[in-house]
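Written below as structure tokens is the structure these notes are about.
Residue numbers start at 1 and run along the sequence shown. Remember, it's 1-based here, ligands and their atoms both numbered in the order they're listed.
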Amino acid sequence: MTIAIHESALIRHFNTRKEVLRAWEEKIGARFSPFRGFKMPDSRLYIEDSDFLDSIVDLIITNERHVFIRGPVGSGKSTLMLLALRDLPTLADRKGNKFITGYVGMTGLYEKQMASAIADSLRIKYRRSWESSQIIDAVAKESLRRYIEEQSRTALFIEDVADNQEAAFHKLRFLADLPTEEMIDVYAGALDEPIFTLVMSGTMIYWNAMLSFLPQIADRTEPLDVPPLNDAKAREFIGRRIAYAQGQIDSFDSENFSVYPFTEDAVKVINVAAKGNPRDIRMLARGCQQVAAENFRNSGNPGVTREIAELVSEAYATLLKEVQ
Ligand SMILES: Nc1ncnc2c1ncn2[C@@H]1O[C@H](COP(=O)(O)OP(=O)(O)OP(=O)(O)O)[C@@H](O)[C@H]1O
Ligand SMILES: [Mg+2]
């Protein structure tokens, strides 16, 4: 009996909360919450940092080092990988080589899962019954063939690289070292540079783990720190999401847009608290929406003021401290 009462109270609470949020969204002409998390975010929501993106792509093209996109959780590592993946197939290196790209987004992989994921991502055929070393061997051979016959280097993107089994990790080392001595002997003269570039992502902790456990790769890898969003970019992040929820993203003008119902001050407060981390900006903006929606119900004003942003930022900081 008591349980039933609790349940209905809870359901009532959630329904009221939903209605309050919905009313605020309606008021600003949004069809859904501008700050909801999307599994596959629409690329029209991306804020591009072309300088940083160029530095990633330049490093790959120069072909001297592997790349490690380094940053805290939610800083935008995966987003940057997707942007680099978009650009790379349209480019060539200074020798005129084109690029074939693969992307491994899953983590927690065992050796064989990793080998299969790599082959799949590069569209290289193998048999299910093969051992992981046979699969990796097929990847190496096909990458070599693509380099020699199609003048194409291979760039393999691997997310959160240290989140896989250690044995899986060692498979990567073999690819990172291509061409092998044997290949160089066979193709005397034609193989005087690496043919396989790794573009990895991870946090500072994982980078340090790689330094100590896989120095052979780390020594030849350039870590690039994802820059935080500055205030102007944070403003665009919020502006784009609002326009998207209003169904107006296609006429979004990054030179001239409004962040209504957020005030300019509120956006700055949010970005200071988020330290330019896009995931945190989204979480804080969503918290602000909740408070502003309650306010809207009581006062009829949907605005996200500096006071609301400060309140939410403080609550968020406390929450993060408790989690850590
Ligand atoms: N440049 C950007 N423009 C717009 N949104 C961004 C940008 N970078 C990141 N985001 C958004 O911030 C969130 C986190 O980004 P992303 O998943 O790329 O970070 P990450 O560093 O890969 O995080 P994790 O460590 O959890 O894998 C996503 O909702 C993403 O859409
Ligand atoms: Mg990621």
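Protein heavy atom closest to atom 19 (O) of ligand 1, with residue, atom name and distance, is G76 N, 3.0 Å. Taking atom 10 (N) of ligand 1 as the reference point, the nearest protein heavy-atom neighbour is P278 CB, 3.6 Å. Nearest protein neighbour of atom 26 (O) of ligand 1, counting heavy atoms only, is V73 CG1, 3.6 Å. Looking only at protein heavy atoms, the nearest one to atom 25 (O) of ligand 1 is K77 NZ, 2.9 Å.
Put simply, T79 stays out of reach of the Mg ion (ligand 2), with no N, O or S atom under 2.8 Å from it.
Side-chain atoms of T197 and R153 include a donor-acceptor pair closer than 3.5 Å. Neither side chain, Y126 nor E142, offers a donor N or O lying under 3.5 Å from an acceptor on the other.
Contacts of L45 with ligand 1, taken as heavy-atom pairs under 4.0 Å, involve the backbone alone. Of the heavy atoms in F237, only side-chain atoms (C-beta onward) come closer than 4.0 Å to ligand 1. Residue contacts with ligand 1, taken as heavy atom pairs separated by less than 4.0 Å, involve P41 solely via side-chain atoms from C-beta onward.
Around the CD atom of Q216, the shell of radius 6.0 Å holds more than 12 heavy atoms that belong to other residues, nucleotides or ligands. For NZ of K275, the number of neighbouring non-hydrogen atoms (other residues, nucleotides, ligands) closer than 6.0 Å is 12 at most. Atom NZ of K27 sits in a sparse spot, with 12 or fewer heavy atoms from other residues, nucleotides or ligands closer than 6.0 Å. Within a 6.0 Å sphere centred on OH of Y260, heavy atoms belonging to other residues, nucleotides or ligands number more than 12.
Distance check on atom 14 (C) of ligand 1: some protein heavy atom falls below the 4.0 Å cut-off.
Just one of L80, V67, T101, T221 meets the side chain to side chain contact (heavy atoms under 4.5 Å, CB included) condition when paired with V199; it is V67.
Residue contact check: P72 has heavy atoms under 4.0 Å from atoms 21 (O) of ligand 1. Every atom of ligand 1 with a heavy atom of I47 under 4.0 Å away is listed here by number and element: 1 (N), 2 (C), 3 (N), 4 (C). Close approach of ligand 1 to R279 is summarised as follows: ligand atoms under 4.0 Å from at least one heavy atom of the residue are 12 (O).
Using a 4.0 Å cutoff on heavy atoms, S75 counts as a contact of ligand 1. For G74, the heavy-atom gap to ligand 1 drops under 4.0 angstrom.
The shortest N or O to N or O distance between S78 and ligand 1 is below 3.5 Å. When only interatomic distances are considered, the shortest N/O to N/O separation between T79 and ligand 1 falls below 3.5 Å.
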Go through the steps to decide whether Y147 and E193 satisfy the test side chain to side chain contact (heavy atoms under 4.5 Å, CB included), and finish with yes or no. CA-CA 11 Å; Y147 182 80; E193 62 171 358; 2.5 Å; yes
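Between F262 and W24, the two ring planes are perpendicular [angle over 60°; tilted spans 30° to 60°].
Contact annotation: the side chain of F38 approaches that of Y244 to within less than 4.5 Å [non-hydrogen atoms, C-beta and beyond].
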